Amino acid sequence: MWKQLWESHGGRIIGIIAGCALGILYLIVGFWNMLFVALLVFIGYTIGKHKDLNLGPVFPLQQVRIWLSERWRWLK
């Protein structure tokens, strides 16, 4: 059961663990910024889900470079 869960949701699990670890570290530094902790967990979950679904890179740098070079000719 655990192996099947890990194979289907491994990226999400890693993302949530990473977000929680960073969130706990941030909690030690400042308690009242709980929204930042929620943001860290959400970002970790989103990146993990993106990896699980094999949607390609999270930040398509090649497409961004092409988009910018179309807008600003001096970037070529």
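Just so it is clear, the model here is predicted, and its values are computed rather than measured.
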Taking the side chain as C-beta and beyond, is there a heavy-atom pair between I16 and K49 under 4.5 Å?
no
Side chains of Q62 and I66: closer than 4.5 Å at any heavy-atom pair?
yes
Spacing of I13 atom CD1 and Y45 atom OH [to the nearest 0.5 Å]:
11.0 Å
With side chains defined as the heavy atoms from C-beta onward, is the minimum distance between V41 and C20 less than 4.5 Å?
yes
Distance (rounded to the nearest 0.5 Å) between D52 CG and I14 CD1:
10.0 Å
Distance in Å, Q4 CD paired with H9 NE2, rounded so as to fall on 0.5 Å steps
8.5 Å
Nearest 0.5 Å, please: how far is NZ in K51 from CD1 in I47?
12.0 Å
